[in-house]
S.K.: 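Sharing a structure here in structure tokens format.
Computed from a prediction, not measured in an experiment: that's the story for all the values here. Just so you know, these numbers use all the heavy atoms, side chains as well, and skip hydrogens, waters and symmetry mates.
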Amino acid sequence: MATASFIPPNPKLKPPYVFYGNDCLILSKRKPNKKKCPSFVPVARLFGQAIFEASKLKVVFLGVDHIEKHPEYLPRTYTLTHSDVSAKLTLAISQTINNSQLEGWSNKLYRDEVVAEWKKVKGKMSLHVHCHISGDHFLLDICAHLRYYIFVKELPVVLKAFVHGDENLFNNYPELHEALVWVYFHSNIAEFNKLECWGPLKENLRTGSPTSLASSWNSPDQCQANCDCCFPPMSSIQWSEKHHSHNHRKLSKAK
């Protein structure tokens, strides 16, 4: 459990009080007591420190092989989740999102999963990463800014987990390190509902931070008609379709 520090509340405000722990945001119905711990609900526990540890990563292949066809011919999706019990990450590599990995009350409460898919758009491969910032319940909404900050901080670790867990694919197709990384932040708050281009994957692995701005690259719009230069024809991440449309229009206006 995280060690929480108390931030003196505004006397005009009513509970819940807010605490900031090592890796989570905590809400409490009463002020802290030195003699006993307050009851709390962590609402932004997102991966802990931004350091990738291969020993804490469990990789599961579902419906795909360790060495499989290039993702421009066969769909390839990553589902990454965190366990409070074991403090480990689980990465499922499959053709679609591993929905069974996202079940359970804790996953629905925290929504700290990261899902991604490989896409070929107009002949070029790119990795499309999705993060849920807010929108499912009010606890996510009230700490949307903190969640966005933590996701941005932790995404380089997530990308390293993808590459390490799928190392045979990258060893066989090293050109995938050159692929652009597109990050979709999903939120019911306009400020955090955005699409960002983080530049080439290899640069993110090297620097541990985004390497470019979305305005530096063309937004990843697939061809409207059937073609051979885009694959798969539809995203396997169905909950992202509305977000795609909204942010593509936003990027187009910015150019």
S.K.: How many angstroms lie between CG in L127 and CG in N204, if you round to the nearest 0.5 Å?
M.R.: 9.5 Å

S.K.: Apply side-chain contact (heavy atoms from CB on, under 4.5 Å) to the pair L80 and L57, showing each step before the final yes or no.
M.R.: CA-CA 10 Å; L80 186 69; L57 178 66; 4.1 Å; yes

S.K.: What's the separation between atom CG in N99 and atom OG1 in T79, rounded to the nearest 0.5 Å?
M.R.: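 Here the interatomic distance stands at 7.5 Å.
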
S.K.: Determine the interplanar angle of the Y78 and F162 rings, folded into 0 to 90°, and report it as parallel if under 30°, tilted if 30 to 60°, perpendicular if over 60°.
M.R.: parallel

S.K.: With distance as the sole test, does R147 use its side chain to make a donor-acceptor pair with the main-chain N or O of R111 at under 3.5 Å?
M.R.: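 Looks like yes, one N/O pair under 3.5 Å.
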
S.K.: Please determine, by modelled atom types, if S94 and T77 share a side-chain donor-acceptor pair under 3.5 angstrom.
M.R.: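 No.
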
S.K.: Against S134, only a single residue in N188, I142, L139, N193 fulfils side-chain contact (heavy atoms from CB on, under 4.5 Å); can you say which?
M.R.: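 Per the side-chain contact (heavy atoms from CB on, under 4.5 Å) rule, the option paired with S134 is N188, out of N188, I142, L139, N193.
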
S.K.: Please check if V121 and L74 belong to a single hydrophobic cluster, counting links between Ile, Leu, Val, Met, Phe, Trp and Tyr side chain heavy atoms closer than 4.5 Å.
M.R.: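 Result: no, two separate clusters.
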
S.K.: Judged by atom type as modelled, is there a donor-acceptor pair below 3.5 Å linking the side chain of H164 to the main-chain atoms of A161?
M.R.: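 Between the backbone of A161 and the side chain of H164 there is no qualifying donor-acceptor contact (under 3.5 Å).
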
S.K.: Picking from F151, F185, W182, Y184, what satisfies ring pair (Phe, Tyr, Trp, His ring centres under 6.0 Å) with H130?
M.R.: Y184

S.K.: Compare every heavy atom of H145 with every heavy atom of F192, then report the nearest pair and how far apart it is.
M.R.: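 Scanning both residues, the minimum pair turns out to be CZ-CA, 3.5 Å.
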
S.K.: Using the rule side-chain contact (heavy atoms from CB on, under 4.5 Å), only one of K194, E191, K153 pairs with Y148; which is it?
M.R.: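 That would be K194.
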
S.K.: Which distance, rounded to the nearest 0.5 Å, do you find between the NZ of K58 and the CG of L91?
M.R.: 11.5 Å

S.K.: With a 4.0 Å cut-off, would you call E178 and K202 a salt bridge?
M.R.: yes

S.K.: Considering residues at least two apart in sequence or located in another chain, which fulfil the side-chain hydrogen bond (donor to acceptor under 3.5 Å, both in side chains) criterion with S126?
M.R.: H128

S.K.: Got a sec, which hydrophobics cluster with Y73, joining ILVMFWY side chains under 4.5 Å apart, including via others?
M.R.: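 So far as hydrophobic clustering goes, Y73 is joined with none.
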
S.K.: Are side-chain heavy atoms of V181 and P200 found at a separation under 4.5 Å?
M.R.: no

S.K.: Count I, L, V, M, F, W, Y as connected when their side-chain heavy atoms are under 4.5 Å apart, and connections chain through other members. Are I189 and V183 then in the same cluster?
M.R.: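 Yes; tracing contacts between hydrophobic side chains, which count when under 4.5 Å, links both residues.
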
S.K.: Kindly compute the distance separating CD1 (I51) from CD (E154), expressed to the nearest 0.5 Å.
M.R.: 9.5 Å

S.K.: In the structure I gave you, are the side-chain heavy atoms of L176 and H70 within less than 4.5 Å of one another anywhere?
M.R.: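 Contact flag for L176/H70 side chains = yes.
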
S.K.: So, do N168 and D166 sit near enough that their side-chain heavy atoms are less than 4.5 Å apart?
M.R.: no

S.K.: Just wondering, do I133 and L140 contact through their side chains at under 4.5 Å, heavy atoms?
M.R.: no

S.K.: Are N172 and F170 close enough that some pair of their side-chain heavy atoms sits under 4.5 Å apart?
M.R.: no

S.K.: Apply side-chain hydrogen bond (donor to acceptor under 3.5 Å, both in side chains) to S100 and list each qualifying residue two or more places apart in sequence or on a separate chain.
M.R.: N98

S.K.: Answer yes or no: is there a donor N or O on one side and an acceptor on the other, between the side chain of E72 and the main chain of F231, under 3.5 Å?
M.R.: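 Not confirmed, E72 side chain does not pair with F231 backbone.
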
S.K.: Indicate yes or no: at least one non-hydrogen side-chain atom of T81 is less than 4.5 angstrom from one of Q101.
M.R.: yes

S.K.: Any chance you could lay out the side-chain contact (heavy atoms from CB on, under 4.5 Å) test for V163 and F52, step after step, and finish with the verdict?
M.R.: CA-CA 11 Å; V163 174; F52 174 67; over 6 Å; no

S.K.: Has E117 got a side-chain atom pairing as donor or acceptor with P232's backbone, closer than 3.5 angstrom?
M.R.: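 No, because the side chain of E117 does not come within donor-acceptor range (under 3.5 Å) of the backbone of P232.
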
S.K.: Could you tell me whether the side chain of R76 reaches within less than 4.5 Å of the side chain of L169, counting heavy atoms only?
M.R.: yes

